[in-house]
Participant: 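Pasting a structure here, questions to come.
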Amino acid sequence: MSSSSSPDEVLARKGRLKQRYDNEYRLVAGCVPYRVKKDEGNPCRLGDDRGQVDVLMISTPNRTDMVFPKGGWEDDEDVYQAACREAMEEAGVKGVIDRTTLGHWVFKSKSSQQSSSPRGACKGYIFAMEVIEELESWPEQATHGRRWVSPGEAYQLCRYDWMREALTALLERFSMIEAVGSTQELTDQNGVYMMLQTTSDSAVALC
């Protein structure tokens, strides 16, 4: 894995002029960045159950818990490009994204939990991304620190339960844990979400 700084300053996208919507749902894309190594200089890849998996999480101001990079999917990019862009902007990493989703979720903010309307809710598409480059600086570095953690630590740090579900889906691909059934609807203290049917596409894309 390489570490570098971009020769040209890249700015994070701001605003929602290009934001995609599905009716009243705001569309969101994100990823669980990971690395896995059998030993020094001998990396393993997705589907290889030998080796240690670490995942990359990001911090936000005034919080001790952490999240995975995600954000709005815009109308001039596909969902994979959106997930890769968010990883670069928020976590300063680039890599190979697996086009088979870890899951699709609908989630609401705490303020809109009691509403039956989709207004204020997001549909999120989360992917696995093998990190191949870490940038020395990135657009949202001032507000998002990054940290490599073990899966066990990640489960403790995840801000939302749906992020733990995405992490579980990633680990299942490495045969590190037994498969678990899909949870149709779950609630945590910070929001509500439901898991939607995933689609299958085994291709990968370089971000």
Side-chain angles (χ1 to χ4, degrees), residues 10-33 56-61 63 65-129 138-140 143-144 158-170 182-207:
V10 179
L11 300 178
R13 295 191 180 194
K14 301 294 184 182
R16 296 186 178 179
L17 292 177
K18 296 183 177 181
Q19 172 66 53
R20 288 179 187 256
Y21 291 88
D22 180 0
N23 294 317
E24 294 189 70
Y25 292 104
R26 178 177 176 237
L27 298 183
V28 169
C31 65
V32 180
L56 188 67
M57 304 193 75
I58 57 174
S59 60
T60 55
R63 298 290 299 244
D65 50 15
M66 303 186 81
V67 295
F68 296 117
K70 67 172 179 64
W73 172 13
E74 300 192 346
D75 61 15
D76 61 348
E77 59 190 353
D78 64 32
V79 68
Y80 315 113
Q81 292 170 328
C84 289
R85 175 177 54 77
E86 290 296 332
M88 186 279 296
E89 290 180 353
E90 295 188 347
V93 292
K94 298 181 179 181
V96 178
I97 196 163
D98 189 328
R99 293 180 181 238
T100 303
T101 62
L102 294 174
H104 299 172
W105 286 269
V106 170
F107 42 89
K108 290 185 177 182
S109 64
K110 187 175 182 179
S111 62
S112 60
Q113 282 187 34
Q114 304 305 317
S115 173
S116 59
S117 169
R119 185 179 298 275
C122 299
K123 285 185 179 180
Y125 300 79
I126 309 300
F127 302 87
M129 188 181 80
W138 58 97
E140 298 186 21
T143 53
H144 294 302
C158 280
R159 182 172 303 169
Y160 305 110
D161 281 345
W162 70 262
M163 292 184 175
R164 295 185 182 91
E165 291 286 330
L167 177 58
T168 296
L170 174 67
S182 297
T183 302
Q184 295 303 313
E185 185 168 353
L186 296 170
T187 304
D188 68 17
Q189 61 182 356
N190 295 304
V192 296
Y193 66 90
M194 61 189 72
M195 193 170 188
L196 304 179
Q197 182 179 2
T198 62
T199 60
S200 179
D201 183 345
S202 59
V204 296
L206 182 64
C207 304

Participant: Is it possible for you to check whether R99 lies under 6.0 Å from the centre of the six-membered ring of Y80, through NZ or CZ, and within 45° of that ring's axis?
Facilitator: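 Yes; both conditions hold, so R99 lies above the ring face of Y80.
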
Participant: Going from SG on C31 to CG on D98, what distance comes out if it is rounded to the nearest 0.5 angstrom?
Facilitator: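 Those atoms lie 11.5 Å apart.
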
Participant: If every non-hydrogen atom of A166 is compared with every non-hydrogen atom of V32, which pair is closest and at what distance?
Facilitator: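 A166 and V32 have their closest heavy atoms at CB-CG2, 4.2 Å.
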
Participant: Considering only heavy atoms from C-beta outward, does the side chain of W105 approach that of I126 to under 4.5 Å?
Facilitator: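 When only atoms from C-beta onward are counted, I126 and W105 do touch, with a gap below 4.5 Å.
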
Participant: I want to check something: taking the side chain as every heavy atom from C-beta on, are M163 and V67 in contact at a cut-off of under 4.5 Å?
Facilitator: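 They are in contact (side-chain heavy atoms under 4.5 Å apart), so the answer is yes.
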
Participant: Show the nearest heavy-atom pair for residues A91 and L56, with the distance to one decimal.
Facilitator: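 Looking at all heavy atoms of both residues, the closest pair is CB-CD2, 4.0 Å.
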
Participant: Please round to the nearest 0.5 Å and tell me the distance separating atom CD of E165 and atom OH of Y160.
Facilitator: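 OH of Y160 is found 16.0 Å from CD of E165.
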
Participant: Do the non-hydrogen side-chain atoms of M57 and C158 ever get within less than 4.5 Å of each other?
Facilitator: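 With C-beta onward as the side chain, the pair touches.
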
Participant: Could you tell me whether the side chain of L27 reaches within less than 4.5 Å of the side chain of Y125, counting heavy atoms only?
Facilitator: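 Yes - at least one pair of side-chain heavy atoms lies under 4.5 Å apart.
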
Participant: Please list, chain by chain and in numerical order, all residues satisfying side-chain hydrogen bond (donor to acceptor under 3.5 Å, both in side chains) with T143, sequence neighbours excluded.
Facilitator: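 With neighbours one apart ignored, the set is empty.
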
Participant: Just verifying a value: how many Å separate D78 CG and W73 CH2, rounded to the nearest 0.5 Å?
Facilitator: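 Interatomic distance, D78 CG to W73 CH2, rounded to 0.5 Å: 7.5 Å.
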
Participant: If you take all heavy atoms of L170 and A128, which pair is closest and at what distance?
Facilitator: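 Minimum heavy-atom separation between L170 and A128: CD1-CB, 3.7 Å.
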
Participant: Can we say D76 and K18 salt-bridge, meaning some charged N sits less than 4.0 Å from an Asp/Glu carboxylate O?
Facilitator: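 Yes, D76 and K18 are salt-bridged.
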
Participant: Rounded to the nearest 0.5 Å, what's the gap from NZ on K94 to SG on C84? Could you check?
Facilitator: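 Here the rounded value is 10.5 Å.
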
Participant: Kindly indicate, with the supporting measurements, whether the criterion side chain to side chain contact (heavy atoms under 4.5 Å, CB included) is fulfilled by T101 and F127.
Facilitator: CA-CA 5 Å; T101 62; F127 302 87; 3.2 Å; yes

Participant: Donor-acceptor pair, R26 side chain versus A121 backbone, under 3.5 Å?
Facilitator: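 Flag not set: sc R26 to bb A121 has no pair under 3.5 Å.
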
Participant: Using the test side chain to side chain contact (heavy atoms under 4.5 Å, CB included), find all partners of E90 that sit at least two apart in sequence or belong to another chain.
Facilitator: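 E90 satisfies side chain to side chain contact (heavy atoms under 4.5 Å, CB included) with I58, P69, E86, E140, H144 once adjacent residues are dropped.
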
Participant: If you measure from OH on Y21 to SG on C122, what distance do you get to the nearest 0.5 Å?
Facilitator: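 Here the interatomic distance stands at 8.5 Å.
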
Participant: Are E74 and R20 within salt-bridge range, i.e. N to O under 4.0 Å?
Facilitator: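 No.
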
Participant: With sequence neighbours excluded, what pairs up with D22 under the side-chain hydrogen bond (donor to acceptor under 3.5 Å, both in side chains) test?
Facilitator: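 So D22 forms a side-chain hydrogen bond (donor to acceptor under 3.5 Å, both in side chains) with K123.
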
Participant: Taking all heavy atoms of A83 and all of I97, pick out the closest pair and write down the distance.
Facilitator: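 Closest approach of A83 to I97: CB-CD1, 3.6 Å.
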
Participant: Between atom CH2 of W162 and atom CG of L167, what is the distance when rounded to the nearest 0.5 Å?
Facilitator: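 Here the interatomic distance stands at 11.5 Å.
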
Participant: What's the shortest heavy-atom distance between F68 and P33, and which atoms?
Facilitator: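 For F68 versus P33, the nearest heavy atoms are CD2-CD, 4.2 Å.
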
Participant: What I'd like to find out is whether the side chain of T60 reaches to under 4.5 Å of the side chain of M66, using heavy atoms alone.
Facilitator: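 Sidechains of M66 and T60: no contact.
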
